[in-house]
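What's counted below: heavy atoms across the whole structure, side chains too, no hydrogens, waters or symmetry copies. Convention: sequence-line order gives letters A, B, ...; per-chain numbering from 1.
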Amino acid sequence: MDQSMGAQAMHRFTYRGRIGEIYKIWFINFLLQLITLGIYRFWGKTRLRRYFWSCVSFDGQPFEYTGTGGELFRGFLIVFVLAAVPLLTLNYLPIYNPLAGAISAIILVPFLIVLGYAAIFSAFRYRLSRTNWSGIHGGLQGSMWRYGVLASLVSILQLLTLGLLGPWVAIFNARYITNRASFGNISARLSEDTRQHFKLYLLCMLLSWACLAVGFGVLYARIGGSVGWAELNVRIQAQDIDAIMTLITAVVGFYLYVVLVLVSIFTFFRAVQIREIVNHIQWGALQVHLKLRYRDYMKIFFFPSLLIAVTAGLAEPLVRHWRCRFIANHLFLEGPLDLMQVKQSALEKPKRGEGLLEALDVPIDL
Amino acid sequence: MQAQLFDGKTAQPQEVALFFSADWLLIEAPDGRVLQWPRDQLRCIVSSAVADAERLAIAPDASSDTRLVIHDRMHVQEFYAQVPELHPTSRGNRRKKASFALAIALGILVSGLLLFLLTGRGVQWLAQLIPDSWEDHFGQRILTSLDENQSFCSGDGNVPLQELVNRLWAVDTHPPKVMVLDMEVENAFAAPGRWIVVFSGLIKEANKSDELAGVLAHEIGHIKYRHPLQSYLRLQELDLMAFFVGGGNISQWSAFLLQNAYSREMEAEADEEAQLLLQKAHIRSAGLADLFERLARKPDPLDKLPSLFSTHPDLLDRALKARALQKDGSPALKEDEWQKIKRICD
């Protein structure tokens, strides 16, 4: 336990989860969720979080998750009703009145986008407030709606610039949330000199466009070389099964190629970006450090995501176990830590949890 | 007994001594202060079986951040011996487990109700709640959207075609309206609100008016049972179920298979109704079987899929069943009326 007052003191995380225990909880959750058609989901999620939180210790003291399934469920019910109204309107109003449907879409679609980002902020706030360490809980101050509007606007900017503002947007979002987060009375801060790595990002974009162009060229030449596009078109019109299968195979193959290429290139950038952001976060006088290499990111985040997909979710507990262990082993804080100066947060805890997130199915891990 | 107290004001732990009375847990701090926690409000912080055996955290009540932490297995067991009501196997905890089981049972009941709504009877019941005017309006919107991309045929054949439908409907009020869409597809469908759309490809494929009459009777069967509306409601319910259950791809596949099973049931129902309608109208009912047999001989890429994934039961099966039920009768249309329909999109 590194609880020294020295300036170079390292404060580490440890993780002692066991895969057998995780799967036991997960399996029971799965069965109960199945027989209750998903209603048990909120309690199941709470059980898993309690387990994972309790397996992670900081400076020898474990974390504790104090949220309840009832809070998640109540939050979900309330927001489900609130979100159902705009969603039903968008779905059914155009059937009865196309003009009214179009007007409602102009109002409601931006509202739902803002709602999605507000959901992320609200979820972070809930989880921080329900994370207890040594009797102290976390918090996130500020308005979720303000974040929702700002994040929506910067996303639109990113879209309008064809993605060129991507690095700036990522840092903006990270800074907005980090600078409002705290644990106890000690605030977190993302330093101003966090680099965007714009040149690297630009290189990744150019490389991906080049690879896409090459892939498309190969596809076009191959089909054109073997059958000829005009001939293929004629055969498809005549419902020639072989021609249809050729086209489907080509499209699926091209899609897989695009996904693999884009993912490979941008996960490299993502690993650099995450390392940059996390290594520029301070919690009070403590500096956060994360050791993350590209191959670590692929091993812990990218390939396991594929594993979850091909096992239809069965590998999810295993992947979470790996990720928790990795983060605990590679994340540490450096600097003086006086536990007497870590005082209870003055921020009020939200009463309900993550209703927006659940209702809108916005994915953020655990 | 020694323990650590995290007072919820700072992160600094204090080494404390514990004492027990009948109603209180007494905590003596190093500065001599004594905290009294009512035993009936104490809460164990549960994380995992293994961890809880070696370290036990206790809160004074459900909402407090204050924690009393007891380390090592021996002291944890000693604590449970002094405060047996907090032990996982205590009556209080058994009551909590019973409440939990009751809640699960309630959840299963609610799920059962939702599943009922997903079944044929449940969806039929739901469909009855939808007013006819809403259904009709919905159908009109579908047709309008079709008309935007393709065109409905406006030839003279529309008159005998509608008369044939009226004859099969056999009730004076509100017969379905039939329209022909100019598309090279050998099919027809019923839209919510008593609309039948026949594709020009099917009219070209039909050799005799009896075959077309069979198809129209089949679509009228769908309308009589409100299958189009039920199908739509079922899809909405399945979407909702997938949303609640979560599970991503598994839910979507389950919804797809469930919907397919339901569609096959509807098709079989409509086929039987078609036979009845044709017989009531004294129309030769062999046309439907003839058409199914001919279409079954045509190659279809979807033949390679197992029937579980097909929304329509095997055409040969349907042809056999239709053949078993067929009865003699008169032709559906006069020759000149049939030729008008054949030229309806010219």
I need the [X] [atom1] to [Y] [atom2] distance, nearest 0.5 Å.
X         : Y         : atom1 : atom2 : value
Gln61(A)  : Gln4(B)   : CD    : CD    : 5.5 Å
Lys9(B)   : Asn185(A) : NZ    : CG    : 14.5 Å
Leu109(B) : Thr36(A)  : CG    : OG1   : 12.0 Å

**OP:** Write down the atom of Leu339(A), the atom of Thr10(B), and the distance for their closest heavy-atom approach.
**Re:** O-CB, 3.8 Å
Subject >> Ala11(B) versus Trp133(A), closest heavy-atom pair with distance >> reply: CB-CZ3, 4.0 Å
**OP:** Select one option (side chain, backbone, both, neither) describing which atoms of Thr66(A) are under 4.5 Å from chain B's heavy atoms.
**Re:** side chain
Original post:
Which of the residues Ser134(A), Gly17(A), Pro62(A) is involved in the greatest number of heavy-atom pairs with chain B at under 4.5 angstrom?
Top reply: Ser134(A)
Subject >> Choice from Lys343(A), Lys349(A), Gln341(A), Met340(A) maximising heavy atom contacts with chain B below 4.5 Å >> reply: Met340(A)
